[in-house]
Each structure stands twice: as structure tokens, then as C-alpha cells.
There are 2 protein chains.
Amino acid sequence: MIEKATPPPEAIKAWARLMRVSRQLFEQAEEALKESGLPALAWYDVLHELAEAGEEGLRPFQLIERTLFAQYNMSRLLARLQADGLVEKLKVADDGRGQTIRISAKGREMRRRMWAVYGRSIAELVGTKLTAEELEALASLLGQLRFPPADD
Amino acid sequence: MIEKATPPPEAIKAWARLMRVSRQLFEQAEEALKESGLPALAWYDVLHELAEAGEEGLRPFQLIERTLFAQYNMSRLLARLQADGLVEKLKVADDGRGQTIRISAKGREMRRRMWAVYGRSIAELVGTKLTAEELEALASLLGQLRFPPADD
DNA sequence: AGGTGATAAATGCAATTGCATCAATCTTGA
DNA sequence: TCAAGATTGATGCAATTGCATTTATCACCT
């Protein structure tokens with residue numbers, strides 16, 4: 001009985017490209033932010049989720065679900081965001097363990113400034129490299145790799 | 001004169017999927033290695049390059065080119081690999097600054113054991129989710145995002 | 001009500017990463 | 001030949017991350 005030694009070569013190639021390209025693009029986007037004197041992408045992710053959540057804010061565990069950060073990582077990231085005045089921590093009435101995180105006006109402004117740079121990076125790094133149809137095809141293929149898979 | 005405020009929505013969606021899916025898959029592959037008591041993927045990348053390079057080995061700066069690690073990161077990673085006996089550092093004759101890194105027998109064995117787990121992760125995480133044609137399409141799209149772009 | 005296990009968030013400590021800089025060698029050009 | 005600059009690799013120090021554990025509260029079950 002032969003044991004399968006290795007995945008099919010198409011899978012290996014797609015995996016290798018995915019790992020390499022995603023890392024390269026991520027680092028380029030981070031570098032653009034840094035060059036503009038702005039915080040890292042992790043901050044953007046949180047500010048973005050909080051901006052979408054609006055005035056009622058989000059609980060830290062909800063942010064963790066949305067952003068895939070580790071719990072201890074989120075805890076410290078929120079502490080830094082708070083120290084910079086970009087978010088507020090509010091006691092939540094019905095759960096004494098928890099808190100609600102709300103973005104501040106300063107946080108919204110920071111998000112806006114970050115998006116000016118980040119959005120430009122996205123436009124340059126993927127928007128100019130693929131057509132709209134190709135971008136949709138890429139998003140669809142990636143969606144099938146997600147767990148749970150996306151159907152669009 | 002209107003300033004373009006944001007990249008096209010297809011670009012944003014493809015970007016978001018790329019960042020999220022690649023991170024999720026990377027973490028799942030790392031977790032599988034950790035559960036088997038094996039080192040992180042970074043170690044595999046270096047051992048893989050060195051195994052392909054054969055007996056003459058590679059210079060650290062060549063490894064940096066191939067793996068996209070930062071220089072200080074590679075320096076320390078190689079020190080750890082050497083401390084574990086997985087690679088050897090050799091003086092190089094024609095350049096007194098440099099060294100050549102060669103994989104050891106123990107390093108080859110470690111790479112083999114890591115591949116048994118890593119390859120299985122790749123098979124499960126992408127091999128079973130997409131057809132061969134879809135995997136090739138994905139690799140091709142990602143190749144166009146690379147710099148320099150891949151043409152296949 | 002009271003005990004038990006689950007959940008929310010924080011934290012001490014070790015390992016890793018990022019940044020800046022250093023030391024050593026090499027290359028080039030006057 | 002030798003000074004100036006570039007390249008190779010390492011390292012001190014601060015910031016971040018990972019891991020394990022802790023603290024506090026909640027939910028459930030008897």
C-alpha cells in the first residue's frame with residue numbers, strides 16, 4: 001500500500017505563491033504606512049471594524065472573531081490604541097467581565113489618514129495588476145479556501 | 001478636479017480575501033507543525049532552499065533573496081539552526097566577509113519530517129478545496145501580483 | 001442558594017522581531 | 001596605493017509576540 005508522499009504539484013505551487021505574494025504585498029503596504037509616519041496595518045484593521053460598528057462599539061472578543069488576532073494580542077493592541085486616544089473602553093452593563101470598545105473622533109481621523117495611504121497601496125499593488133474580472137475570480141478562488149468557504 | 005478616494009471595490013475585496021485567507025492558512029499549517037513538535041515554517045523555508053542548493057550550500061544573502069526574510073532575521077535564524085545542528089557555517093574562500101551555509105544530515109532529516117506534516121497541510125488546506133485547474137488559475141493570478149510578475 | 005465549569009480579558013515571563021548601528025571586508029577610482 | 005563608499009553579516013536594545021496562567025464574572029445544574 002503506497003502512502004501518498006506529497007500533495008499534487010499544482011497545490012504546492014498555488015500554496016507557495018499564496019504565501020509569498022501575500023507576504024510581499026503585506027510588507028509593501030506596511031512600508032507605505034510607515035513611510036507616512038502612520039501605525040501598522042493591525043491598527044487599521046481594528047479601527048476599521050470599530051468604525052463600521054458605530055457608536056455602540058464592539059466587545060474585544062467580537063474584534064477577535066473579525067480580525068483573527070490572538071486574544072492576548074488584541075488585549076495589548078487595544079491598550080495601545082487607548083493609550084493613543086484612538087479608542088475608548090466602556091463598561092458594559094449586562095456583563096461585568098466585559099467591556100465595549102468604541103472608536104474616538106481621533107481614531108476616526110487616524111483611520112481616514114491611514115486609508116488614504118493604504119487604499120492607494122491596494123490600488124497600486126492589485127488594482128493595476130489585474131482586471132476587474134480577474135480580481136473577482138481571485139476573490140472567488142480565495143473564498144473557496146476559507147473556512148467556512150465563501151460561496152461568491 | 002476629483003481626487004480618487006478609494007480603489008475599486010473588486011480590488012479591495014480581493015485584497016481583503018488575500019490577506020485574511022493567507023494568514024488563516026499559514027496559521028493552520030504552523031499549528032499542525034507545532035502539534036507534531038516540529039519547528040516553525042520559517043525553518044522549513046530555509047532548510048528547503050539549502051536542500052535544493054546541495055553540497056555547495058548558499059550564502060546568507062542568497063537565502064535572504066530567496067525567502068524574503070530581513071537580514072537580521074536570517075542572521076538569527078541561521079544561528080538557531082546551527083545551534084540545533086541542522087546547518088553548518090563554512091568560511092568561503094574568495095570573500096572574507098561571507099560564509100556559506102550548508103544543510104547537515106540532521107537538517108535533511110528534519111526537513112523530511114517537517115514536509116510529512118507540511119505537505120499534508122497543503123494537501124488538506126488547498127488540494128482538497130480546489131480542482132487542479134482552479135489551483136493553476138489561482139497560481140497564475142497570484143503570479144501577476146508578484147514583483148516581478150510571473151508570466152505563467 | 002451553591003458549586004462547577006465556561007467565558008472575558010489581562011499579565012508575567014521568555015522568545016522573537018524591528019531598528020539602528022557596528023565591525024570586517026571588499027571594490028572602485030583618483 | 002589608499003581613501004571613500006559599498007557589501008556582508010552580527011548585535012545591543014526596545015517593542016512585540018507567544019505561552020501559560022490569573023482574575024473576575026457568568027451560566028448552568030443540582
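Throughout, a chain's letter reflects where its sequence line sits, starting with A, and its residues are numbered from 1.
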_Regarding R59(B), tell me which of base, sugar-phosphate or nothing describes its non-hydrogen contacts under 4.0 Å with the strands shown._
sugar-phosphate
*Which part of the nucleic acid does Q71(B) contact within heavy-atom distance under 4.0 Å: base, sugar-phosphate only, or nothing?*
base
_salt_bridge(D45(A), R66(A)) N-O dist < 4.0 Å_ = no
Atom-to-atom span, [atom1] of [X] to [atom2] of [N] - whole angstrom:
| X | N | atom1 | atom2 | value |
| --- | --- | --- | --- | --- |
| R97(A) | dA6(C) | CZ | P | 13 Å |
| R76(A) | dA20(D) | CZ | P | 14 Å |
| E35(A) | dG18(C) | CD | P | 16 Å |
| L78(A) | dA8(C) | CG | P | 15 Å |
| M74(A) | dC19(D) | CE | C1' | 18 Å |
| E65(B) | dG9(D) | CD | C1' | 14 Å |
| F69(A) | dA10(C) | CZ | P | 15 Å |
| N73(B) | dA20(C) | CG | P | 16 Å |

*Would you mind telling me which of dG18(D), dA6(D), dC19(C) lies closest to the side-chain atoms of K34(B)?*
dG18(D)
*Qualifying residue for side-chain contact (heavy atoms from CB on, under 4.5 Å) with T67(B), from H48(B), Q62(B), E49(B)*: E49(B)
_Just to verify, which of R112(B), R111(B), K106(B) counts as forming a side-chain hydrogen bond (donor to acceptor under 3.5 Å, both in side chains) with E109(B)?_
R112(B)
*Between F61(A) and R80(B), who's closer to the 5' end of DNA chain C by nearest nucleotide?*
F61(A)
*Does K91(A) make a side-chain N or O approach to OP1 or OP2 of dA9(C) shorter than 4.0 Å?*
no
*Could you tell me whether the phosphate oxygens of dA10(C), OP1 or OP2, come under 4.0 Å of any side-chain nitrogen or oxygen in Y72(A)?*
no
*Gap between atom CZ of R17(A) and atom OG of S140(B) - 0.5 Å precision*: 7.5 Å
